[in-house]
Each structure stands twice: as structure tokens, then as C-alpha cells.
Amino acid sequence: MKPHRHSVALLSGASALALLLGACEAPEAVEDAPPPAANGETEAAMNGEDGPLLARFDWFHYEGGDPAHEAFPAGEGEFQNPVLGGFYPDPNILQVGEDYYLTTSTFAYFPGLPVFHSRDLVNWTQIGNALDRTDMVDFGNLGLSRGIFAPAMAHHEGVFYMLNTCVDCGDNFLITAEDPAGPWSAPVWLPDLAGGIDPSLFIDEDGRAYILNNGPPDREPEYDGHRAVWIQQFDLESLTTFGERIVLVDGGVDFSEQPIWIEGPHIYKVDGLYYLICAEGGTAEGHSQVVLRSENPMGPYEAWDGNPILTQRDLPRDRPYPITSAGHASFVTTPSGEWWSTFLAVRPYGDDLYNTGRETFLMPVSWEEGWPRMTGDGDLIPYAYRRPDLPPQDPADPPMAGAFEVHEDFSGPLPPHWMMLRVPQESWHDLDSEPGSLVLTARHVALGENANPSYLGRRQQHMYASASMRMRFEPQSAGDRAGLVALQSDEYWYFIGLARDQDGDVIRVERRAGPDQDVHGEILASTPFEGEAGAPIDLRITARAGEIDFHYALEEDAWRPLLEDADGSLLSTRIAGGFVGVTMGPYAYSGGE
């Protein structure tokens, strides 16, 4: 029996292993590109006649819950961290009246730059993607952790601004919108910021605007990771920078300690003073947030002797349920005067091992003698904390925090949380030709080719999680395959599905465990396919922190193990590298040219 759509269940880490099945929807087709097949072509292909090779998916189900959710339940009037579970890094938050908006990095995934809305800072609903048109940016064949870094939003006189960097694909740019749900404008490129990242926009009370960014220092770097924070004036009418570029922070708050990667700068004006907050220490376990202040937005700025204002780097590594690598914060206030911050952090299950990527957390900001602070010596980032002093909303749909399950069928348009690798050049997925099914065209583009394969992914949002789906697929040639994938990058992924080899059709598990392996990876387990051609197959991948299991079913709920206790740590950031987290979803490949 299928669970109801977007149902929510409270699970322990153990019960997250017994996960149900579900359904999904797919990304919208590329504008002006033809669908992969009309109904007649679909039937022909599935019957082995002429036409594109197609895979059909009837539903997708995701379910997860972690031990920390049970250890730190949210009580009455409390919320649970992270507020955006899974790969939602570099969060930037913006307040406009009673509304709060948030966006995060997406690197080389498309569509990019998700935009969320909330009125209580706890329940976040995605209302769109700022980069949702194929002509806005081009990631080419960049690695999955290049592309879109650390966005920042601003609002002034009815216009929303979003600044960002397309790393190795154009440098820094600005897009605008009247509605944060979109549409957003074509990028306006900012050549004065060349070589920098993490731009943000500060608009003062008098309407003067300034762009900040991380960039190279004003001389040869004196050590690895030596960067600087720059500022320059900005014209809101012409959308251009002008005037002198000035270094606000050289290296970090204490240059004698050779601080690394001062980045993610934001300015806030409080009681006539300008507060500059920045991330420092890199985005791994040494990550932190620091603050400086000035009487002038162009500086000079003095650093607080109480820095850092947020970090977990000095805590014991063996503490239970650790939250680490915290930083990249941004601030908002509530009508009652409370200050709150969103920031990135991670939840490792082992020695700095995490598959869920950098997630979005929420906690309050206090003020000490005119300076903001989030954590002090020995303070833990809370899993559960009192809610902000705001009217509570209904839970987000789909949920983003705590333990939950989401069942998606293909009866409507693609929910905005689904993504693909890089920008598509052709249409290869379709929700219209067979209503109630997602149809993927199996193309000769493999997962490991640093390209745009026929793969759609949604984020793994828990360390104990399961993704499952129902597929109908009839291979035609050796090398054809379709199924379910858990992917950290082009070089590190797992696949379970139906494939054709020289001896016939098989259900098998494949894995790629590094760039030196073939783009199709290696076969870990295989069994002959015993069903009828084109019959439904249910597939499931279950993540258990550093282990991962693969099951299939030829009849509903009749699950059979194909491979259990595989090494899930291969999908961790520490081993696979990069800045992204695991995504899970359907994939189809044609072995023919």
C-alpha cells in the first residue's frame, strides 16, 4: 500500500531502514525542445520496435529519519535543526516586511539557486529556482562542484537582487526580479569582480549601494588560502560597479595567524554602525564566522576581540551527534526585535564523513556590548530550540526538516527540488506523453561523462534514508540500462536497475568509486531478470550512514536483496571531495550510438 502524498512520519535511525515506496515528478522540458516521444512512439519503443529507447517511472518515494531526531525531539514551541536537511549549502536569508526568503548554492546542478519562502523562519517552501532557463548560464562539462557558488540576495524599492558567481563559467553576475518566485532576469556580468567569489549587495538607508566580495589580496598571496574582502560602489540604475575598489579585510581578523578563506561577506547597519560578517577558516571542520565593524561602509573596520562569533572547531570530535563545519551565516530580525541567523553546517556519522552535504541551520543571534554572537566557548549548535517569536506556519509541503517521508507520483508538473547534472541541450524527459508517468529517453550519455545524462535527482536529506521507485523498461541492446541512482559526483555513485548484457537481461548493482574507473563503473552484484519484458520493477536504495543496501521487487512489497552492507562512505564529501551532497533518482542509458 502506498503512503499518502507528502506524509510525515517520525522515525528513529533504525526505523528509517524499513522505508516505504513512493512516487515522483520530473523537471520541466527544455524550452522549444521536442518531447522525447509521442504516445505511439512510446508504445513502439517499449515493444522493441523503431523509436527512441524509453524508461517509464510510475512513482518515487523518499523517506528518512536520523538518531538525532529521536535524541533531540522538538517539543512544544520548538523547531528542529537543520531547517533544510541535505545539500543546501551557503544559505543566504533576506527579510522583506513579514516575509523571509532564502537561497543556497547549487554548483553545476540545473535548475539552480532554489528560492524558499517562510514567515516563521522554521517552515520553508521552495517557490522556484532563480536559474531555470537554459540560456542563463552554461556549465559545459565542468565538474559537479564548480558552477554556482554562494548566492546573496537584496531588496530595494520593489526589486529583488541576487548576486552570484559562476565559477569557471563567467565569474560574477547579478540577476533581478520583481517576484522572488521568478522570472529572474538574464545575468548582468560584473567584470570588476573578476577572480572573486561570494559577491553580496548592501544598500544603505540613503540608497547608496555597495558590492562586497572575496577576491585575491592586493599583492602576491603570502600563504595558501590568503584572500581578501573587497568593496566597491554600485549603481542600482545601470547595474554597474564604479569608483575605487577597497580592501576591507586582508586575510582575516588576525593576519598573524595566517587565516584562510575569508569569504561570504555581508554588511548590516545597526544603530548607525556598519557590521561586516564573514566566514573564515574554510568550509571544513575549521569553519567559523567572524565580525568587524566601522562607522563607514567603506571602512576602516575593526575586528571584535571576541571572534569567532560562530564555530564548532574547538569541541571534542567524539561528542555524540556532532554538528561541525559551521559558518557562512547571514542575519535577519523579527518585528519583536529578535535576531536570527541561517548558516551552513554538517552532521558527520564518522570521522568527518557525511553524505548529506552542507545543510542549512537556524539559531538566534545575541548581542554582547554592541557585538553579535551565536556561539561561545563550548556552546553546541542546538538540534532543538525555541521557535522564533513569529506566528507559526503549517509544516512545509514537502517537509524539509526532521524525520519525514515524501511520496510523489507523476500526476503534475515537476516539483522545483528536482535537478539534473548541468544544463541540458535537448529534451530527454517528459510528463505529458503518458500522464501519470515520467518518461526518460535513454541516451548515449553515461553518468560518469561530466555531461548531462538522462538522470533526475532529489537530495538525500538524512543519513538514514531510502529512495524507491517503480520502473518499466525493456532493454534492446547490450549496454542498455535504467534504474535508480545514488550520486555524489560523476566519479562516485551507485546504480541498481535493469540492464542487458551479452547473456540477456539482468538486475544489477554498479558502482563508480573514482575517476580512474570506467564511466559506467564496475558491476558489484547481478542476477538474471525473471520477469516479463516491460513488466514493472520496484527498486530501492537504503542509506544507513556509512553503509548502503540495494533491493528490488518483481511484485509489490516482495523485496529481494541484491547487495547489502556496501560501502556508503564512498559517497561522503571527505572521500569523493567537492562541495555537494548525495542526490537520488531515476536514470536511463542507451548502449547504442
Please determine whether the number of non-hydrogen atoms from other residues, nucleotides or ligands lying under 6.0 Å from atom CG of D377 exceeds 12. no
CZ (R227) and CD1 (I260) are apart, to the nearest 0.5 Å, by 12.0 Å
Might you confirm whether atom CZ of R208 has over 12 heavy atoms from other residues, nucleotides or ligands at distances under 6.0 Å? no
Of Y161, W189, W184, the residue whose pairing with F173 passes ring pair (Phe, Tyr, Trp, His ring centres under 6.0 Å): W189
Centre-to-centre under 6.0 Å for H417 and F116, is that the case here? no
Flag the pair R347 and E359 as a salt bridge only when some basic side-chain nitrogen lies within less than 4.0 angstrom of an acidic carboxylate oxygen. yes
Applying disulfide bond (SG atoms under 2.5 Å apart), can you list everything that pairs with C278, at least two apart in sequence or on another chain? none
May I ask you to check whether T241 and Q233 show a side-chain donor-acceptor distance below 3.5 Å? no
Could you tell me whether the side chains of Y349 and N355 share a donor-acceptor contact shorter than 3.5 Å? yes
Any chance the side chains of T165 and N172 put a donor and an acceptor closer than 3.5 Å? yes
To the closest 0.5 Å, what do you measure between CG (D90) and NE2 (H328)? 4.5 Å
Do we see a donor-acceptor contact under 3.5 Å between the side chains of Y464 and H69? no
Among W339, F202, W367, Y301, exactly one meets ring pair (Phe, Tyr, Trp, His ring centres under 6.0 Å) together with Y275. Which residue is that? W367
Looking only at atom types and distance, does a side-chain atom of D179 sit under 3.5 Å from a main-chain N or O of A181, one as donor and one as acceptor? yes
Return yes if some donor-acceptor pair links the side-chain N/O of Q393 with the main-chain N/O of D120 below 3.5 Å, else return no. yes
Could you work out, with salt bridge (Lys or Arg N to Asp or Glu O under 4.0 Å) as the rule, every residue matching E368, not counting sequence neighbours? R373
Got a donor-acceptor contact below 3.5 angstrom from the S185 side chain to the T176 backbone? yes
Cation over ring, R386 on F79, under 6.0 Å and within 45°? no
Distance, nearest 0.5 Å, that separates CZ of R458 from CE of M584: 9.0 Å
Considering residues, nucleotides and ligands other than D206, do more than 12 of their heavy atoms fall under 6.0 Å from its CG? yes
Could you list the residues that satisfy salt bridge (Lys or Arg N to Asp or Glu O under 4.0 Å) with D204, not counting sequence neighbours? K269
Which class fits the ring pair F107 and F87: parallel under 30°, tilted 30 to 60°, perpendicular over 60°? parallel
Applying salt bridge (charged side-chain N to carboxylate O under 4.0 Å, His left out), run through R293 and E302 and close with a yes or a no. CA-CA 6 Å; R293 73 182 181 191; E302 64 166 326; 3.7 Å; yes
How are the rings of F72 and Y383 set to each other: parallel, tilted or perpendicular (split at 30° and 60°)? parallel
Can you give me the closest heavy-atom contact between R119 and D99, atom names plus distance? NE-OD1, 2.8 Å
Is R317 paired with D352 through a side-chain N to carboxylate O contact shorter than 4.0 Å? no
Does any non-hydrogen side-chain atom of L113 lie less than 4.5 Å from one of N164? yes
What class does the angle between the rings of W304 and W371 fall in, given that below 30° is parallel, 30 to 60° is tilted and above 60° is perpendicular? parallel
Strictly distance-based, threshold 3.5 Å: is any side-chain N or O of E178 a donor or acceptor partner for the main-chain N or O of F160? no
Between I541 and A486, what is the shortest heavy-atom contact and its length? CD1-N, 3.8 Å
